Amino acid sequence: MRIAAAGFCCIDVYNNLKKYYPTGNGVDFAVHMNRLGYASSLISAVGNDSYGELMKETLKKEGIDISHLHTLAGSTAVIQLELNGNDRVHGDEDEGVMEQFSLTQKDIDFISTHDYLHTDLFGKILNFLPFFQSRGLKTVFDFSTFLQDERIEHILPSVNYAFFSYEQEDDFIWDYMKWAKSLGPSLVTVTLGEHGSLSYNGQTFYKGESIPVDVVNTVGAGDSFIAGFIHGTICGQSIPDCLKSGATLASSVITQFEPY
């Protein structure tokens, strides 16, 4: 089983804490999946700067295939963050070389050798999703909190596992999940923070509970949840058990500062 993560990668920088780490939805997902025993690759771009070297060194240590992690002239993407209690607050963002990133034919051929593909709205590969679906890849898409993005209805038909983030369980999210499922995904799953999670397969809504822990930093909670959930689906777990697997991995991540 081979896992490809193609998308936005960056360095999260907490200037007031003098801390930083390599991350991005696909980075976090790939690290967790690799630790769970799946050969994982990252397809993205970093700059030819110290942050780019940090990203590459970190992923090499984790055993991630970075043969298609492009090094471009310029700066690695950076997001400025602060902690408000234990919740992250986004500040300025410098997209750096991610602004230039696009898949090459070699990247496309390489991704096509995998079984699963993880990506996001900012990974610069949206136009290729129908092609990868035609090649038999199962696409895991992290829409995060961007439920109203106008591109979503065009993306969902090429997605197998759609993940969203929302703040509570209510009529809006139930209707939204029904709408999203009607466009093609096998499963639509929504994380609700401390309120747990929901998953919908077109017939039944399943509710997952969060696991109470002492929270240090919520960054990486969604990415780790998705990794735990997808691990469960690969292992043939039921949807409730997949929700539990996601919550278990997420709960372990938010007890530390880094996202993996």
Side-chain angles (χ1 to χ4, degrees), residues 3-8 25-26 28-29 32-33 114-123 125-130 132-134 136-211 218 220-251:
I3 310 294
F8 188 83
N25 294 348
D28 301 348
F29 178 81
H32 286 301
M33 293 302 287
H114 293 71
D115 301 288
Y116 281 75
L117 169 64
H118 174 287
T119 193
D120 54 67
L121 286 169
F122 309 103
I125 74 161
L126 300 182
N127 291 339
F128 296 97
L129 294 182
F132 290 130
Q133 184 184 58
S134 73
L137 275 77
K138 294 182 179 179
T139 298
V140 178
F141 204 105
D142 183 4
F143 292 97
S144 188
T145 59
F146 301 97
L147 281 72
Q148 303 299 339
D149 193 290
E150 61 184 12
R151 296 170 292 179
I152 291 175
E153 65 179 311
H154 304 292
I155 296 169
L156 283 170
S158 301
V159 169
N160 297 89
Y161 301 98
F163 289 87
F164 298 88
S165 179
Y166 189 63
E167 65 270 13
Q168 63 191 10
E169 183 178 355
D170 57 22
D171 290 342
F172 167 79
I173 201 61
W174 291 332
D175 290 341
Y176 188 92
M177 292 174 73
K178 290 178 181 178
W179 168 80
K181 176 67 179 71
S182 73
L183 293 178
S186 300
L187 282 174
V188 175
T189 303
V190 178
T191 56
L192 304 169
E194 64 183 10
H195 302 296
S197 56
L198 293 170
S199 196
Y200 180 61
N201 65 355
Q203 296 180 326
T204 305
F205 280 95
Y206 297 90
K207 178 68 185 291
E209 302 298 328
S210 62
I211 299 175
T218 58
D223 303 327
S224 53
F225 178 94
I226 294 172
F229 188 100
I230 294 301
H231 170 61
T233 66
I234 294 172
C235 292
Q237 293 180 357
S238 65
I239 295 175
D241 284 343
C242 288
L243 292 170
K244 184 176 181 179
S245 293
T248 299
L249 186 53
S251 68

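Because the structure is a prediction, the values reported are computed rather than measured.
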Parallel, tilted or perpendicular: which fits the ring planes of [X] and [Y], with parallel below 30° and perpendicular above 60°?
X	Y	answer
Y166	F172	tilted
F8	F122	perpendicular
F164	F143	parallel

I'd like to know if the side chain of [X] and the backbone of [Y] have a donor-acceptor N/O pair within less than 3.5 Å.
X	Y	result
Y176	L147	yes
E169	G196	no
S199	Y206	no

Is any side-chain heavy atom of [Y] closer than 4.5 Å to one of [X]?
X	Y	answer
L126	F141	yes
Y200	L198	no
Q168	I173	no
I155	D149	no
T189	L243	yes
F205	K178	yes
F29	I3	yes

Heavy-atom closest pair, residues [X] and [Y]:
X	Y	result
D142	S144	OD1-N, 2.9 Å
G7	D120	CA-OD2, 4.0 Å
K207	H195	CE-O, 3.2 Å
A162	L156	CB-CD2, 3.8 Å
S158	L129	CB-CB, 3.8 Å
G193	S210	O-CB, 3.9 Å

Heavy-atom count check: over 12 atoms from other residues, nucleotides or ligands less than 6.0 Å from E167 CD?
yes
Looking at E150, I'd like to know if its CD atom is crowded, meaning that more than 12 non-hydrogen atoms belonging to other residues, nucleotides or ligands lie closer than 6.0 Å. no
Exactly one of N160, V140, I125 clears side-chain contact (heavy atoms from CB on, under 4.5 Å) with L117, and that residue is I125
How long is the span from the [atom1] atom in [X] to the [atom2] atom in [Y], to the nearest 0.5 Å?
X	Y	atom1	atom2	result
F229	D241	CZ	CG	10.5 Å
F225	I230	CZ	CD1	9.5 Å
K181	S186	NZ	OG	6.5 Å
T233	K138	OG1	NZ	7.0 Å
H118	L137	NE2	CG	14.0 Å
N25	D223	CG	CG	4.5 Å

